[in-house]
J.: 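Below: one structure in structure tokens.
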Amino acid sequence: KSFPDLQPTFEEIERLGLELPTYQINHLCKFSHGFLLFITYEQVPDAHDIFKRFTAVFEQTYTRFLDLKNMEAQARESKIETALERVRARALAMQEPEELKDVSRVMRQEMGLLGVEELETSSIYIHDPEAGKTECWYAIKDIREAEKVTVADHFELDLKETWVGREMLKFYGSGEDQVSIVMKGAQRKEWIDYCEAHSKALQGYYGEVIPERTYHLYKFSHGAIGAATPGELSEESWSLLKRAASVFSLAYSRFRDLTQARIDLQRLKEEKKRAEDALKELQLTQQQLVHAEKMASLGELTAGIAHEIQNPLNFVNNFSDVSRELLEELLEEMKKGDAEEVEAITRDVIQNLEKIVHHGKRADSIVKGMLQHSRSGDGKKEPADLNALADEYLRLAYHGLRAKDKSFNATMETNFESNLPEVNIVPQDIGRVLLNLITNAFHAVNERKSSSQEGYLPTVWVQTRKTENGVEISVRDNGGGIPESIRDKIFQPFFTTKPTGEGTGLGLSMSYDIVTKGHGGQLTVKSKTGEGTEFLITLSV
């Protein structure tokens with residue numbers, strides 16, 4: 001039955017004159033995996049011994065056959081593992097998501113070497129049902145080139161637009177692990193036209209004749225591995241496709257991590273850009289606020305200067321008028337020839353002119369001080385008399401508030417230590433600090449006066465003294481004090497207890513930075529609610 005062409009009919013046997021045996025003897029002899037059948041048409045002496053010896057020899061032959069078969073299977077398995085390892089290694093080596101094309105190229109090459117039946121295309125489909133999109137990475141032997149090099153590409157597709165795509169969607173939605181989609185005629189042409197329109201590497205690949213193919217797909221976690229062949233796949237090839245899908249799950253994890261990393265990097269760049277823009281805007285706003293604080297400080301200073309400069313100007317004007325009158329009187333006495341009176345008047349004029357020069361210089365020093373305070377300065381430190389600086393800014397702060405509010409009044413007490421060593425400072429900066437602290441002190445006592453009991457005497461003390469390592473300037477008031485709940489916040493930028501529009505919250509912050517960062521000193525505060533506040537500036541000699 002196994003060889004019908006070799007089975008003679010009874011007619012052929014009769015025609016050949018052959019005689020059929022009238023009986024036969026079947027000799028069965030066991031071995032480890034079956035038995036041997038020997039047929040004789042007559043008794044054979046010692047048949048059992050002979051056939052047993054034949055069977056023993058065959059036992060060895062069959063054992064060798066099995067060993068060779070196992071070795072062949074092991075070699076095949078080793079070849080498959082090596083191929084899959086190459087795919088796995090290329091997947092792990094990816095640095096960019098686009099390198100998934102190279103993974104598909106390696107997969108196509110290795111599956112071809114393993115002998116998947118007439119493999120044409122190896123494809124990787126990643127399907128995202130939530131986003132409603134599918135992406136394809138594929139590799140194919142370019143039959144248009146003599147060397148038939150493998151080309152790879154990637155494109156995004158809408159599976160609803162073609163019959164083959166819709167079959168894939170059915171597969172993704174089913175509980176099956178594998179499917180074979182036979183592509184023929186118009187359905188095959190529709191698919192190739194669609195792929196050519198979305199992938200440059202496929203354009204003009206087939207020419208006029210588009211061969212029929214079957215798409216074999218095996219699922220993995222987020223898509224499927226595909227192989228296009230002319231016909232069906234063997235069980236071994238399906239097993240290989242299944243194992244490739246398992247390996248690609250690792251490649252997909254790497255691909256997903258790289259894609260997410262790129263998204264995160266892009267978001268990080270966008271966040272960085274937004275942060276940089278916000279920082280620039282904040283810095284600009286801060287510069288504007290600092291400028292506003294400086295202008296507010298300059299306003300306080302200018303008001304005081306206006307009052308201070310008025311005194312020497314009054315003296316200059318008064319002595320000028322008196323001198324003019326004396327000179328007119330001098331002319332009359334010269335006409336009379338009274339030399340003694342002329343000499344007396346001349347001495348008075350000289351004294352007046354000296355007073356004019358003195359008060360003119362005083363006005364000049366005030367103007368210079370104002371200009372020094374208003375400009376930013378070069379930041380260079382120079383030896384300065386802190387007693388003179390403190391006294392000047394105490395008076396400027398007082399007269400500045402008096403210029404704004406004629407009803408304002410407070411007692412000023414000073415205790416300047418004699419022989420105080422000069423300190424290297426930036427005078428306009430330390431002056432700004434003193435002006436800020438003294439002005440705050442005046443505001444504090446004025447606020448308490450407006451709401452305090454009778455007999456309260458608003459007072460501000462300014463004191464200097466020599467310390468072991470330098471000098472200390474104290475600005476103390478008997479105002480309402482600073483509540484303990486906000487005492488730790490007063491040096492923070494933009495913190496203020498003043499109503500909106502009446503303070504920037506930068507005065508104490510700037511003062512703190514000038515003393516500590518600009519001069520390496522200390523600015524500390526002591527306060528008791530209901531009794532007053534003291535600020536201490538400590539500077540090293």
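Position 1 is the first residue of the sequence, and the numbers go up from there.
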J.: Quick one: list whatever passes salt bridge (charged side-chain N to carboxylate O under 4.0 Å, His left out) with E196, sequence neighbours left out.
T.: none
J.: Do you know the tightest heavy-atom contact between R188 and P211?
T.: NE-O, 2.8 Å
J.: Per the salt bridge (charged side-chain N to carboxylate O under 4.0 Å, His left out) rule, what does the pair list look like for residues 508-518, sequence neighbours excluded?
T.: D513-K517
J.: Answer yes or no: is there a donor N or O on one side and an acceptor on the other, between the side chain of T516 and the main chain of Y512, under 3.5 Å?
T.: yes
J.: Can you find a heavy atom in the side chain of S239 that is under 4.5 Å from one in the side chain of R243?
T.: yes
J.: Indicate the atoms forming the closest heavy-atom contact of Y393 with L435, along with that distance.
T.: CD2-CB, 3.9 Å
J.: Does CD in E484 sit with more than 12 non-hydrogen atoms of other residues, nucleotides or ligands closer than 6.0 Å?
T.: no
J.: With ring-ring contact (aromatic ring centres under 6.0 Å, His included) as the rule and sequence neighbours excluded, what pairs involving residues 77-97 come up?
T.: none
J.: Minimum heavy-atom separation for S180 to E232, with atom names?
T.: OG-OE1, 4.2 Å
J.: Check residues 51-61 and write down every donor-acceptor pair under 3.5 Å in which the side-chain atom is one partner and the other belongs to a residue at least two apart or another chain.
T.:
residue	atom	partner	partner atom	Å
T55	OG1	F51	O	2.8
E59	OE1	S32	N	2.8
E59	OE2	S32	OG	2.4
T61	OG1	V57	O	3.2

J.: For S540 and V423, which heavy atoms make the closest approach, and how far apart are they?
T.: O-CG1, 3.5 Å
J.: Would I537 and L434 satisfy side-chain contact (heavy atoms from CB on, under 4.5 Å), going step by step from the backbone distance to the final call?
T.: CA-CA 9 Å; I537 302 172; L434 288 170; 4.0 Å; yes
J.: Taking only residues two or more places apart in sequence or in another chain, which ones pass side-chain contact (heavy atoms from CB on, under 4.5 Å) with K189?
T.: D193, I210
J.: Who are the salt bridge (charged side-chain N to carboxylate O under 4.0 Å, His left out) partners of E72, not counting sequence neighbours?
T.: none
J.: So do V475 and N440 actually touch side chain to side chain, heavy atoms under 4.5 Å?
T.: no
J.: The test is side-chain contact (heavy atoms from CB on, under 4.5 Å); show your working for S123 and Y215 and say whether it passes.
T.: CA-CA 10 Å; S123 305; Y215 229 152; 2.9 Å; yes
J.: Would you list the atom pairs, donor with acceptor, under 3.5 Å between side chains in residues 169-176 and any protein atom, with sequence neighbours excluded?
T.:
residue	atom	partner	partner atom	Å
K170	NZ	E167	OE2	3.2
S174	OG	F171	O	2.7
S174	OG	E176	N	3.3

J.: Tell me, with the steps shown, if D128 and E135 meet side-chain contact (heavy atoms from CB on, under 4.5 Å).
T.: CA-CA 9 Å; D128 187 349; E135 293 181 86; over 6 Å; no
J.: Tell me if a side-chain donor or acceptor on S78 pairs with a main-chain N or O of Q74 at a distance below 3.5 Å.
T.: no
J.: Nearest heavy-atom pair of Q43 and P45: which atoms, and what distance?
T.: O-CD, 3.9 Å
J.: Could you check whether D67 pairs with R64 (Lys NZ or Arg NE/NH1/NH2 to Asp/Glu carboxylate O, under 4.0 Å)?
T.: no
J.: Would you say C136 and H154 make side-chain contact, with heavy atoms under 4.5 Å?
T.: no
J.: What are the two closest heavy atoms between H519 and K381, and how far apart are they?
T.: CA-NZ, 3.8 Å
J.: Do side-chain atoms of H216 reach the backbone of G231 as a donor and acceptor pair under 3.5 angstrom?
T.: yes
J.: Does any part of the side chain of T533, heavy atoms only, come nearer than 4.5 Å to the side chain of V525, both counted from C-beta?
T.: yes
J.: What's the spacing between I490 CD1 and I482 CD1 if we round to 0.5 Å?
T.: 4.0 Å
J.: Partners of A384 by side-chain contact (heavy atoms from CB on, under 4.5 Å), sequence neighbours excluded?
T.: I425
J.: What distance separates Y62 OH from H33 NE2, expressed to the nearest 0.5 Å?
T.: 5.5 Å
J.: Can you list the steps and then say if L241 with L217 is a side-chain contact (heavy atoms from CB on, under 4.5 Å)?
T.: CA-CA 8 Å; L241 202 60; L217 300 171; over 6 Å; no
J.: Tell me which donor-acceptor pairs under 3.5 Å the side chains of residues 155-164 have, and how far apart each pair is, sequence neighbours excluded?
T.:
residue	atom	partner	partner atom	Å
D158	OD1	K160	N	3.1
E161	OE1	Y194	OH	3.4
T162	OG1	G165	N	3.0

J.: With heavy-atom distances below 4.5 Å as the criterion, would you say the side chains of T529 and R487 are in contact?
T.: yes
J.: Checking I39 now: which residues fulfil side-chain contact (heavy atoms from CB on, under 4.5 Å) with it, not counting sequence neighbours?
T.: Q24, N26, L37, Y41
J.: With rounding to the nearest 0.5 Å, note down the distance linking OH in Y138 to CD1 in I140.
T.: 7.0 Å
J.: For E42, I'd like to know if atom CD has over 12 heavy atoms of other residues, nucleotides or ligands within 6.0 Å.
T.: no
J.: Name all residues meeting the salt bridge (charged side-chain N to carboxylate O under 4.0 Å, His left out) criterion together with R90; count only those two or more places apart in sequence or in a different chain, and write none if there are none.
T.: E99, D102
J.: S511: which residues meet the side-chain contact (heavy atoms from CB on, under 4.5 Å) condition with it, sequence neighbours left out?
T.: V433, N436, L523
J.: Working to the nearest 0.5 angstrom, can you tell me the gap between L28 CG and K30 NZ?
T.: 9.5 Å
J.: If I take atom NE2 from residue H198 and atom CG from residue D153, how far apart are they, to the nearest 0.5 angstrom?
T.: 12.0 Å
J.: Just how far is it from atom CD1 of I181 to atom CZ of R166, taken to the nearest 0.5 Å?
T.: 11.5 Å
J.: Verify the neighbour count for atom CZ of R274: are there more than 12 heavy atoms of other residues, nucleotides or ligands below 6.0 Å?
T.: yes
J.: Flag the pair L508 / F535 as yes when at least one side-chain heavy-atom distance between them is below 4.5 Å, and no otherwise.
T.: yes
J.: Any side-chain heavy-atom pair from Q522 and V515 closer than 4.5 angstrom?
T.: no
